[in-house]
Student: 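My questions all concern the structure below.
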Number of protein chains: 2
Amino acid sequence: MDSPVMIASDVQLDDRTVMRVAEIFSALSDPSRIRIIASLRDAERHVGALAEMAGLSESAVSHHLRNLRQLRIVKARRDGRQIFYSLDDEHIADLFQRSLEHVLHG
Amino acid sequence: MDSPVMIASDVQLDDRTVMRVAEIFSALSDPSRIRIIASLRDAERHVGALAEMAGLSESAVSHHLRNLRQLRIVKARRDGRQIFYSLDDEHIADLFQRSLEHVLHG
DNA sequence: TGAATAGCTGAACATATATTCATAGATAGG
DNA sequence: CCTATCTATGAATATATGTTCAGCTATTCA
C-alpha cells in the first residue's frame, strides 16, 4: 500500500508549502533583486558590478544577495578580494525567464 | 532593416519591464493570496468560500481579490448576491503551478 | 418597501522590508 | 605590517503592505 502523498494538483496546501512558495515569490518580487537576477542569467558577476548595474550601493546589493543566497537562488565564489555570484537554481531561473517572457510578449 | 527589438534574453531590463515583473511576483508572494490562487486552480469560488478556506475575513479576501483583479490574474462573475472568482491568466497559473511543484518535489 | 445577505471600500494600524550608515572582516599589494 | 579595496553585517529609518473596522452598495426575498 502506498501512503498518501502530496501532489501538486492538491487544491489545499499545507502551511509549510504555502510559506515556501511565498518565500520564493517574495525573493523575486523586488525590482532591485529582479535586476540582479536578470544580470546573472548571462554570467557570474561580482558585487561591485551588480551594484553599478542596478544603481545601488554595494551594501544594498550585499543585503539582497544574502537574501537570495539563503534561498539558494544564487551561490557565491571568492576570487581574490572579489566575490562572484551566479544563479544556483535552474527551476527558479526558468520561473524568472517565463515571467519575463509573459511581460515582454505575452 | 529590422528595428532593434526587446527579447527576453536581453540581460538589462528597462524600468517598466522590471516593475511589471515585480508586480506579478508581488501578487504571488503573499500566503493568503497563494491559498486563494491555489483554491481557484480547481474551480471558481465565491468570496465567502474563499474566506472560510483561507481563514480570513471576507473583507481581507476582498482586498486581496481586488489586487489580483487589477493584474487580471483573476476575474469576477456575479450570480445573485454572490460573486464568483476564477483564474484569468493561464501563464500565471502555470507559473504558480511550477513554483508549487518546485517546492513539493523539487 | 424593508430586512437580510454578500461583497466592496477607505481609513487606521501593525508589521514587514528596502535602503542607508557606520563599522568590521578578509584579501592583495607595497 | 600597513594600507587600500571589496564585501558583509547590524542598527536605524522610511516606506510598503496585510488586516481590521466601520460603513457602504447591490441583490434577494418576504
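Here the structure is a predicted model, which is why all the values come from computation and not from measurement. Lettering follows sequence order; numbering is per chain, from 1.
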Student: Scan A:Ser32 against the nucleic acid and name what it touches under 4.0 Å (heavy atoms): base, sugar-phosphate only, or nothing.
Tutor: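 The answer is sugar-phosphate, as A:Ser32 gets under 4.0 Å only of primed atoms, P, OP1 or OP2.
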Student: To the nearest Å, give me how far apart CG (B:Asp30) and P (C:dA16) are.
Tutor: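 These atoms are roughly 12 Å apart.
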Student: Roughly, in whole Å, what's the span from CG in B:Leu68 to C1' in C:dC8?
Tutor: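 Going from CG in B:Leu68 over to C1' in C:dC8 covers 15 Å.
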Student: OP1, OP2 of C:dA18 versus side-chain N and O of A:Arg33: anything below 4.0 Å?
Tutor: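 Yes, A:Arg33 has a side-chain N/O under 4.0 Å of OP1/OP2 on C:dA18.
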Student: Could you work out which one of C:dT9, D:dG18, D:dA26 sits closest to the side chain of B:Arg78?
Tutor: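 Among the listed nucleotides, the one closest to the side chain of B:Arg78 is D:dA26.
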Student: Grab the CZ-C1' distance between A:Arg66 and C:dG25 for me, whole Å please.
Tutor: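 Roughly 14 Å, once rounded to whole Å.
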Student: Rounded off to whole Å, could you give me the CG-to-P distance for the B:Asp79 and C:dT5 pair?
Tutor: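 Distance, rounded to whole Å: 18 Å.
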Student: By nearest heavy atom, map A:Gly80 and B:Ser62 onto DNA chain C; which one lands nearer the 5' end?
Tutor: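 Nearer the 5' end of the strand: B:Ser62.
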Student: Within the structure shown, what part of the strands sits under 4.0 Å from B:His63 by heavy-atom distance: base, sugar-phosphate, or nothing?
Tutor: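 If one applies the 4.0 Å heavy-atom cut-off, B:His63 turns out to touch a base.
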Student: Aromatic rings B:Phe84 and B:His46: how do their planes relate, parallel, tilted or perpendicular, breaks at 30° and 60°?
Tutor: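 Ring orientation, 0 to 90° scale: perpendicular.
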Student: How long is the line joining CZ of B:Arg81 and C1' of D:dA30, in whole Å?
Tutor: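 So the CZ-C1' distance, B:Arg81 to D:dA30, works out to 11 Å.
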Student: Can you tell me which nucleotide in D:dG18, D:dT20, C:dA6 comes closest to the side chain of B:Ser57?
Tutor: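 It is D:dT20.
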Student: Rounded off to whole Å, could you give me the CG-to-P distance for the A:Leu65 and D:dT7 pair?
Tutor: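 Computing the A:Leu65:CG to D:dT7:P distance gives 10 Å.
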Student: Quick one: label B:Gln82 by what it contacts on the DNA or RNA (base, sugar-phosphate, nothing), any heavy atom closer than 4.0 Å.
Tutor: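 Counting heavy atoms under 4.0 Å across all strands, the contact made by B:Gln82 is with sugar-phosphate only.
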Student: For the pair made of CD1 in B:Ile83 and P in C:dT5, what is the distance, rounded to whole Å?
Tutor: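 Atom-to-atom, B:Ile83 to C:dT5, this comes out as 18 Å.
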Student: Looking at every strand, decide which applies to B:Leu56 at a 4.0 Å heavy-atom threshold: base, sugar-phosphate, or nothing.
Tutor: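 The residue B:Leu56 makes sugar-phosphate contact but no base contact.
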Student: Is any NZ, NE, NH1 or NH2 atom of the basic residue among B:Asp15 and A:Arg35 found under 4.0 Å from an Asp or Glu carboxylate oxygen of the other?
Tutor: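 Salt bridge flag = yes for A:Arg35 with B:Asp15.
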Student: Does B:Tyr85 put a side-chain nitrogen or oxygen below 4.0 Å from OP1 or OP2 of C:dC8?
Tutor: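 The answer is yes; a side-chain N or O of B:Tyr85 sits under 4.0 Å from OP1 or OP2.
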Student: Describe the nucleic acid contact of B:Phe84 in one word from base, sugar-phosphate, nothing, applying a heavy-atom distance below 4.0 Å.
Tutor: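 No contact at all - B:Phe84 keeps every heavy atom at 4.0 Å or more from the nucleic acid.
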Student: Using every non-hydrogen atom in the two residues, find where B:Arg33 and B:Ala27 come nearest and quote the distance to one decimal.
Tutor: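 Heavy-atom minimum between the residues: NE-O, 2.8 Å.
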Student: What is the distance from CZ of A:Arg77 to P of D:dC6, rounded to the nearest Å?
Tutor: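 In whole Å, D:dC6 P lies 16 Å from A:Arg77 CZ.
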Student: Assess whether one donor atom and one acceptor atom, taken from the side chain of B:Ser59 and the base of D:dT19, lie less than 3.5 Å apart.
Tutor: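 No, the side chain and the base share no sub-3.5 Å donor-acceptor pair.
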Student: Check whether any side-chain nitrogen or oxygen of B:His46 sits under 4.0 Å from OP1 or OP2 of C:dG7, and answer yes or no.
Tutor: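 True: B:His46 side-chain N/O within range (under 4.0 Å) of C:dG7 OP1/OP2.
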Student: Students often mix this up, so state it plainly: with edges at 30° and 60°, are the rings of A:His102 and B:His91 parallel, tilted or perpendicular?
Tutor: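 Rings of A:His102 and B:His91: perpendicular, over 60°.
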Student: Just by distance, do the side chain of A:Asp89 and the backbone of A:Ile92 share a donor-acceptor pair under 3.5 Å?
Tutor: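 The answer is yes, because a donor-acceptor pair under 3.5 Å joins these two groups.
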